[in-house]
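Reviewing the structure listed below.
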Amino acid sequence: MSYWVMKSEPSVYGIDDLAAQPSQTDHWEGVRNYQARNMLRDQMRPGDLALLYHSNCPQPGVVGIMEIVRAGYPDHTAFDPESKYFDPKSDPDRPRWYMVDVRFKRRLARTIPLTELKANPALAETPLIRRGNRLSIMPVSAEHWQAILDME
DNA sequence: GCCAACGTTGGC
DNA sequence: GCCAACGTTGGC
């Protein structure tokens, strides 16, 4: 079982949106980066856990925990010309982009802000806070996972 | 809004 | 394959 960090902009899709789903489950659509795609397609498995990180907002930080409930499968929004995630270079026979399904587990007791994550020496090596890392899906070690939750 | 740090595209 | 131009991300 693996741990992950998944980023989203709360103005687009945040923890409240996921929690509001009838099944508290949703597709993680719209990832259009090859490195992140490879993780979605090849590495994420049902039962894996992911921290949800809110980016591009007043208080960027980790806000909750999600569980991966379906392994990678083709991101159908890439096939839909009406979707903002449409990509004409992806088609059902040769899908370029993938997604997983995630289920809301819980909110953290508080948002753990990026400033605090950066200030924690135990997290110096975690991809989330390494400068310039813009991946929307990142692995996190079990040790770093625990170190983050210890800050809750 | 600014700008650093990327990733992608396309000419050659 | 190189690399300049361009687009995007995301903190601040």
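Hydrogens, waters and symmetry mates are skipped; everything else that's a heavy atom, side chains included, is used. Being a predicted model, the structure only gives us computed values, none of them experimental. Lettering of chains follows the sequences in order, A, B, ..., and the numbering in each one begins at 1.
- Comparing C/dG11, C/dC12, B/dG7 by their closest approach to the side chain of A/T115 singles out C/dC12.
- Distance from the side chain of A/K118 is smallest for C/dC12 among the nucleotides C/dG10, C/dT8, C/dC12.
- The interatomic distance linking A/I137 (CD1) with C/dG10 (P) rounds to 11 Å, in whole Å.
- One can place OH of A/Y34 at 16 Å from C1' of B/dC6, the figure rounded to the nearest angstrom.
- For the pair A/Y85 OH and C/dT8 P, the interatomic distance rounds to 13 Å; values are reported in whole Å.
- A straight line from CD1 of A/I129 to P of C/dG11 spans 13 Å, rounded to a whole angstrom.
- In this structure, the CZ atom of A/R134 is 14 Å from the P atom of C/dG7, given to the nearest Å.
- In this structure, A/R106 forms no cation-pi arrangement with A/F104, as its terminal cationic atom is not both closer than 6.0 Å to the ring centre and no more than 45° off the ring axis.
- For C/dG11, the OP1/OP2 oxygens have a side-chain nitrogen or oxygen of A/Y53 closer than 4.0 Å.
- In this structure, A/R96 atom CZ and B/dG7 atom C1' are separated by 14 Å, rounded to whole Å.
- The phosphate of C/dG11 has neither OP1 nor OP2 within less than 4.0 Å of any side-chain N or O from A/K7.
- A distance-only check finds a donor-acceptor pair linking the side chain of A/T25 to the backbone of A/S23 [under 3.5 Å].
- If you take CG of A/L128 and P of C/dG11, they are 9 Å apart, rounded to a whole angstrom.
- Close to B/dT9, at under 4.0 Å from its OP1 or OP2, lies a side-chain N or O of A/K89.
- Ring centroid separation for the pair A/W97 and A/Y34 comes in under the 6.0 Å cut-off.
- Both A/N33 and A/N56 lie close to DNA chain B; mapped to their nearest nucleotides by heavy-atom distance, the more 5′-ward contact belongs to A/N56.
- Computed from coordinates, the A/W97 CH2 to B/dG7 C1' distance equals 10 Å when rounded to whole Å.
- Considering only heavy atoms from C-beta on, A/V31 stays 4.5 Å or farther from A/R41 through its side chain.
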